[in-house]
Amino acid sequence: MRPIRLEITGLQSFSKKQIVDFDALTSLGLFGIFGETGSGKSTILDAMIFAIFDEIPRTMGSKGKNIRPCLNQDSDILEVYFKFALGKDIFEITRCYKKKFSRKGEEKFEQSNPILLLNGDVIADTVKNVESKIDEYFGINVSDFTRSVVLPQGKFSEFLKLKGADKMTMLENIFDLERYGTKMSEKIKIRNNKLKEEITSLENQIKGKGNCSLETIDNIKNILSDKEREYDNLLTDKKTITIKYEELKELKALFEKLNSYNSELDRIDLEREDIELCKNILAKHESAISFKSTIDEIKDIRENILTNQNNLLKSKNSLDTLNSALENLKEQEKEKQVELDKLILELDNLKVDYVELDNLRKGDQYIRSLKFKEKLLGETLKDSNSISSDLKSLYEKLKIDNLSLENESNNLQNLEKIDKDKLISLEDEIKRLNTDIKLLEEKLKEKNKLEIEIKKESALKSSTLLELESYLKKIENINKQHLESKAFEISKNLIHGECCPVCGSKDHPNPAKEIQSIDTSVLDELSKTKEKLEKTIVEIDTKLNYHLEKLAELNQVDNIDTLKNELQVKENTINDLKVKEKEILEYEKELNNKISTLKSNIVNYSSNITQKESDLNRIKEKSTLYENEILEEREKISELRLESDSLEFISDRKDLLENMDKEYREVSNRKENLDISLRGIRDNIFKDFNSVQTLSLEVISLEEKNNNLKDSYNDKKEWLKTEATLKGFLSTEDILNHILDDNKIILLKDKISTFEKDSIRYHSLKDEVIKSIGDREFNDDTWHELEKNLESLTLQEKRLFKEITEHRGELNRLEQLAKEAKELFEKISVLTLKQDDILTLQKKFEGRKFVKFLARKRLDYIAYEASKRLQKITRGRYILTVDNNCDFNIVDAFNSNFTRECSTLSGGETFIVSLVLALALSSQLQLKGKIQLEFFFLDEGFGTLDATLLDRVIEILEEIRWKEKMKIGIISHVEDLKIRIPRRLEVAPAIPGESGSIIKLI
């Protein structure tokens, strides 16, 4: 996209219409928009986004929602017109919101229909149509546009830190991967659902076919076989009876025909007298028709006589009229001839010398052209002198700046450099010492912790041993009591004189005394507690030995004070180096600023010199061209050999001759019109004369023809009267009355013919029937008995045939259903295999894995392109990488290539990384997959950069401007940027009660 023109009315701080001419603003590639905070700088960017997408993400909701805060308080209308180019196509879009009040006085806003033009033609004029066309030609939405093409406030790091589904949705859209992500998953899901529906439908179809098993089909086949055998036997019986029935039927028909033919012959005899009368009428017609042609001829001759007499009268009247008109035309011819002779004399007096008139016209034109070119030559010589003076001044300035640039470049080259390797080595050693000290401190903390743990464990062991000793004594006492209880039990059974089962003595002087019984469960509980205490003592001993061993190891650590002293020395050294480096960098920055300014001035001077020299050469060429043309004009004037080269004389003489020529042409036109009129009169005289001769001959011919027709009429009338009397006709009317029309003749002839044919036909048919009957006789009783039997067999045949047909239909239906069910099972098997493939494919696309794979490849290249600029800005410190989740990470070369998340970057570092990422993304982004982006816009973020980084960023933007031919815009309030930006807009803030924000191109 390349912006061309922007018009803003009533948007935020812009109350009156303000115009941004981007063609002028972007003529040098890099441009800026500057102004105080709140002056309306970002509103220019908002207006562009609003015009394209009908949104201002910074202040309003999507699609025109919450428009109220965006309208200027002093305006009743919010209108934005934006003209921009996509490739060779020019687009113009206008969006407008108007403030109105309801009948209740409530304020509301109405959107007028937006208008989108392509190369001057309207292609959309409604909100939905414009949105559709914008999506068609841009291919990205407003969120992607503000993350990669136009970066408004707060959008710098959004794409960098975007994660999860939001990032994948954006990557799908930007890289045109929807067809591999959401759309592909949706297609797979739809396809899977469709297969499920098809399988379910086929299964339902199988269920709907009912029972069509092989057993059912075999039962129906057996029933059908029995019915077919019964049907065949019935047909055999019916065939025998049918033969007898047909013989009697034929004889019956013959007798019926004989009776019918006798009736018809009786009817024919009754019509014979009427047929004879018809024959007489036809004979009389034949005689009358022979006179018909003569009667018609007599009638025609009479009509011709009347017509000829009328024509003769008309011809005589026309002849008289033509003779009168011919005399009038001859008088007109004489008058026109006299007028024509007068005009010929007048034309001879008005003849003009056309060669002289043509030379005068050319001379007037050449002299006027000569004076104009002499004026142009004077102006060109004046411009040439002015440009030569400007060139001399530019050459002097260029020489001075070249010398200054050489001096500053030498100063920059001779600038003392800090040993970067030594600085990096010191930083690495400090990091190592810090790490070692941290480890030692951790070990000391661990040693103190271990000593406390050892004391606690020793005390715990002592208390546990005392508790164990107490439990052992309790167990010993209980065991002793248990033995005494057992001895008492034995003593109860001792008998004097019998041996003791324990000692074998026969005397029992001191038997055991009775004691209280012992609860064995108490002894079990004490034993379990004793075992737990013994186990606890073992565990304490194990931990204590481990902690004592670890304490012995920690007692052998190095002296931490020595390391801290060494760290302090190295930190002092590196601080001194950094202070020195900062001083050098500040001086280097100052030199670079001077060199950059001088280079920019030299480029501008060189560009101006080239332009001026080009203009001077063009002016010299124009001067030479004007001089040559002046010489040519003078030669042309001399070749005309006019009486005087005075423009006044030539003009007066030319006007005189042109007036004479004009009068000559008018008289000539009158003469031509008169010639035409005279020729017309003479033609009419000739035509009338020929007509008079023709009519005279026609009158004579008509009179002769009329006499001949009268003679023929009388002869034919006399002949007809004589011949009709001989044939028996009384008059002409009697002849005509006996002539029949064609329809009546046809009817009579048909009636006679039908009578004769019917008579012959029925006699012949009667003889044939009598011959066929011979000596046979017909019996009604035999006929009725056969008819009854045949009728009964026919009913049985129909019943059996119906049953056989039904069984066959059912058999065919079941066989067809079985075949269809088999085919359906085969289809289900095929669809199931396809469904398995779809499910496998669905797993491959779950979680947008394929999109993530494709996006990772694109993002790797974008990260590589962004890292080239990032390394240049950060002097090789940072590299941008992409992890498996398509998230961006930073590799810190100054920290042993440690990889960390982008969220750990400072504000200025985040701005730089976001900037190079957006530049790399924009260079890859194409609208509609064809049109390369030509425009990139940054809104704020430069305030987070120090002077060094700011210079490096500007260098990168300058490099992009020259190498990639991209228009780059910067919106900022940082004053240091102004001296680095060749073209800029100054936005003056609104003055309450006086005016809104005002734009000025500098």
Side-chain angles (χ1 to χ4, degrees), residues 197-265 761-762 764-832:
E197 290 174 1
E198 289 179 2
I199 291 171
T200 304
S201 175
L202 293 174
E203 290 173 346
N204 292 334
Q205 289 180 43
I206 292 172
K207 291 178 183 177
K209 295 186 183 300
N211 185 11
C212 53
S213 63
L214 293 175
E215 184 180 355
T216 305
I217 293 172
D218 290 338
N219 289 335
I220 293 175
K221 283 183 177 178
N222 293 332
I223 294 170
L224 180 63
S225 178
D226 294 340
K227 293 290 182 182
E228 285 176 343
R229 280 196 298 272
E230 184 181 354
Y231 184 72
D232 291 339
N233 294 333
L234 179 68
L235 288 178
T236 303
D237 295 341
K238 183 182 177 183
K239 185 177 180 181
T240 305
I241 293 174
T242 302
I243 292 170
K244 295 179 180 178
Y245 176 79
E246 290 297 330
E247 289 177 355
L248 277 178
K249 183 179 179 181
E250 181 185 357
L251 185 61
K252 183 184 177 185
L254 289 172
F255 275 103
E256 288 175 350
K257 285 181 180 180
L258 181 62
N259 294 332
S260 173
Y261 295 155
N262 288 328
S263 298
E264 288 296 325
L265 287 172
R761 176 169 168 267
Y762 284 116
S764 175
L765 289 172
K766 180 179 178 182
D767 293 341
E768 289 178 2
V769 170
I770 291 171
K771 185 177 179 182
S772 297
I773 292 172
D775 55 357
R776 290 183 294 173
E777 294 291 337
F778 177 75
N779 190 313
D780 268 343
D781 295 336
T782 305
W783 162 255
H784 288 304
E785 184 180 355
L786 283 173
E787 191 174 36
K788 185 176 180 182
N789 291 336
L790 188 62
E791 212 172 289
S792 175
L793 290 173
T794 302
L795 290 173
Q796 293 180 44
E797 179 190 2
K798 287 180 179 180
R799 177 181 58 78
L800 285 173
F801 183 77
K802 181 180 179 182
E803 291 176 357
I804 290 169
T805 303
E806 288 175 352
H807 287 305
R808 280 179 180 169
E810 181 66 13
L811 179 63
N812 291 334
R813 186 183 71 81
L814 290 175
E815 287 177 343
Q816 181 64 28
L817 289 176
K819 182 180 177 182
E820 291 174 357
K822 183 179 178 183
E823 292 175 352
L824 291 173
F825 277 117
E826 291 173 352
K827 288 181 180 179
I828 289 172
S829 178
V830 173
L831 291 175
T832 303

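Reckoned from all heavy atoms, side chains included, excluding hydrogens, waters and symmetry mates. Just so you know, these numbers come straight off a predicted model, no measurement behind them.
Taking CD1 of Ile199 as the start and OG of Ser829 as the end, the distance is 9.5 Å to the nearest 0.5 Å. Asp226 CG to Glu803 CD: the interatomic distance, rounded to the nearest 0.5 Å, is 11.5 Å. Here the straight-line distance linking atom CG of Leu793 with atom CG of Leu235 works out to 9.5 Å at 0.5 Å rounding. We find the CD1-CD1 distance between Ile804 and Ile223 to be 12.5 Å, quoted to the nearest 0.5 Å. Expressed to the nearest 0.5 Å, how far CD of Glu198 lies from NZ of Lys827 amounts to 10.0 Å.
With Leu234 as the partner, the side-chain contact (heavy atoms from CB on, under 4.5 Å) test is satisfied by one option alone out of Arg799, Lys239, Glu797: Glu797.
Here the closest heavy-atom approach between residue Lys227 and residue Leu800 is recorded as CD-CD2, 4.3 Å.
Every side-chain contact (heavy atoms from CB on, under 4.5 Å) that Asn789 has, sequence neighbours left out, goes to Ile241, Glu785. Residues passing the side chain to side chain donor-acceptor pair (under 3.5 Å) test with Ser201, sequence neighbours excluded: Gln205. Taking the side chain to side chain donor-acceptor pair (under 3.5 Å) definition, one finds that Arg808 meets it with Glu228, sequence neighbours left out.
Proximity of a side-chain donor or acceptor of Thr794 to a complementary backbone N or O of Leu790 within less than 3.5 Å is detected. Side-chain N or O atoms of Ser263 include one that pairs as donor or acceptor with a backbone N or O of Asn259 at under 3.5 Å.
With salt bridges taken as basic N to acidic carboxylate O contacts below 4.0 Å, none links Arg229 and Asp232.
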